[in-house]
Amino acid sequence: MSCAQPWMTMGRERLTQGLLLRLGILLTAVCVSVHVYLETGWQAKPAPLALGHPTQSSGKWGKHSRAKTAGEPERNTKMRISYVRTLKREGPARKKDEEDPSPPCCPPLRPHRKTPRWHIDLQPWAGGSRSLEEEARRFLNYITTPQVSCASLPDDEPLQEGTKGAWTVCLDPKYSLTQRIQSKHCRVYSFGLGADERFLEYILARSGCEVHCFDPSLRQPHLQLAEMWLHRLSVDWRDPNPAIVGQRQYTNTKKLATILNDFGHRQVDVLKADMESAEWKILENLILEGVLDSVGQLLLELHLHWAGFEVGGDDPSVVRYWFSLLKELERANFRLFHVHSDPAKPHLFLHKNVLNASSAYTLGWVNTLWKP
């Protein structure tokens, strides 16, 4: 008996500890349930008071609560904070159910570019014979016939200087450039190789435009000169691949979409480019990637003495490709308003004298549906 008594005592102690442990767990569960019930009741009660503008009403609720409950314990403050967070979380769901008639604060942003395309749409042949003369006649008639006329403001003499010469802009009041210049929101991109003529850029800069000139031959990456920004950069129809050793030397050329993204710009009022026979592939890239939606006016110098960089095919196919690119511009709501040919240029059309055509034409298009 003396040996069994300690074992019985130990058994009773273990039983007592087990009962106490279970009782503690049960009391903890009851306390947690009561706490959750109270929290849910406090959060759900005032929710209808702050529908519509939760952030603003939550501030008012904080003021009234401090006035009424200045002597209450800290627990009420925690409940008010929980209430504000609950309103922010449940706000969208309540708005769906009650259909708030007030309009949203901000309109949705327009996409920067359309979905990229894989190829342009080639136009039908100019004639059944598919000859160079037929294609050249259709192409030359197209680029020498303006589609819209641009009246200018008679009382703005400095800007009038920008409508003279080879490079011009359209200052017709029915388009947005004049209003953008007057409101100091005008932005100009000018691309050129080497020492390019910048008379138009100076005029627009003095008129209040933000002018960026891109020239890969500059020694400094960025330079501010005469109210203009100069950048050691140029536009291309593709971005360089740094993994290819042969392309590392061309890292100062990028696609226009990449340049816009790097500079944080969404729109350009005037895009001027003299790319020395690279304009055809660059124009194709702008069309395929939908970047033209970000351009108000497009000024290009076209070089016709040869096909251009990476443009292949026989002569009639090349001219058909050129014509198809310009028709894509028309499809994108661009209309030709300016044509200029330098009589000093040689009369060469794909290394031939075809219809006495010049080897270079400076053209200007205006985006008739452009909304900055």
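Between Phe263 and His265, the ring planes are tilted. Angles from 30° to 60° get that label. Between Phe309 and Trp237, the ring planes are parallel. Angles under 30° get that label, and only those over 60° would be called perpendicular. Ring geometry, Trp229 versus His231: the interplanar angle falls under 30°, so the pair is classed parallel (tilted spans 30 to 60°).
Looking at Glu135, its side chain never comes within 3.5 Å of a backbone N or O of Ser317 through a donor-acceptor pair. The main-chain N or O of Tyr142 is never found under 3.5 Å from a side-chain atom of Thr145 such that the two would form a donor-acceptor pair. In this structure a side-chain-to-backbone donor-acceptor pair under 3.5 Å is missing from Arg266 to Ser294.
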Any chance you could lay out the salt bridge (charged side-chain N to carboxylate O under 4.0 Å, His left out) test for Arg138 and Glu134, step after step, and finish with the verdict?
CA-CA 6 Å; Arg138 178 178 66 172; Glu134 288 179 341; over 6 Å; no
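Under the 4.5 Å side-chain criterion, counting only non-hydrogen atoms from C-beta, Tyr175 is in contact with Val148. In this structure, Leu336 and Leu326 have side chains that are not in contact, with every pair of non-hydrogen atoms separated by 4.5 Å or more. The side-chain heavy atoms of Ile181 and Leu171, taken from C-beta on, include a pair separated by under 4.5 Å. Between Tyr361 and Ser341 the shortest side-chain heavy-atom distance falls below 4.5 Å. A 4.5 Å side-chain heavy-atom check between Ser359 and Leu304 finds every atom pair outside the cut-off. Looking only at side-chain heavy atoms (C-beta outward), Glu328 and Asp121 come within less than 4.5 Å of each other. The shortest side-chain heavy-atom distance between Trp365 and Val295 does not fall under the 4.5 Å cut-off. The shortest side-chain heavy-atom distance between Leu286 and Leu271 falls under the 4.5 Å cut-off.
Remark: Asp314 does not engage Arg130 in a salt bridge, criterion side-chain N to carboxylate O under 4.0 Å.
Surrounding CD of Glu276 are more than 12 heavy atoms belonging to other residues, nucleotides or ligands, all under 6.0 Å away.
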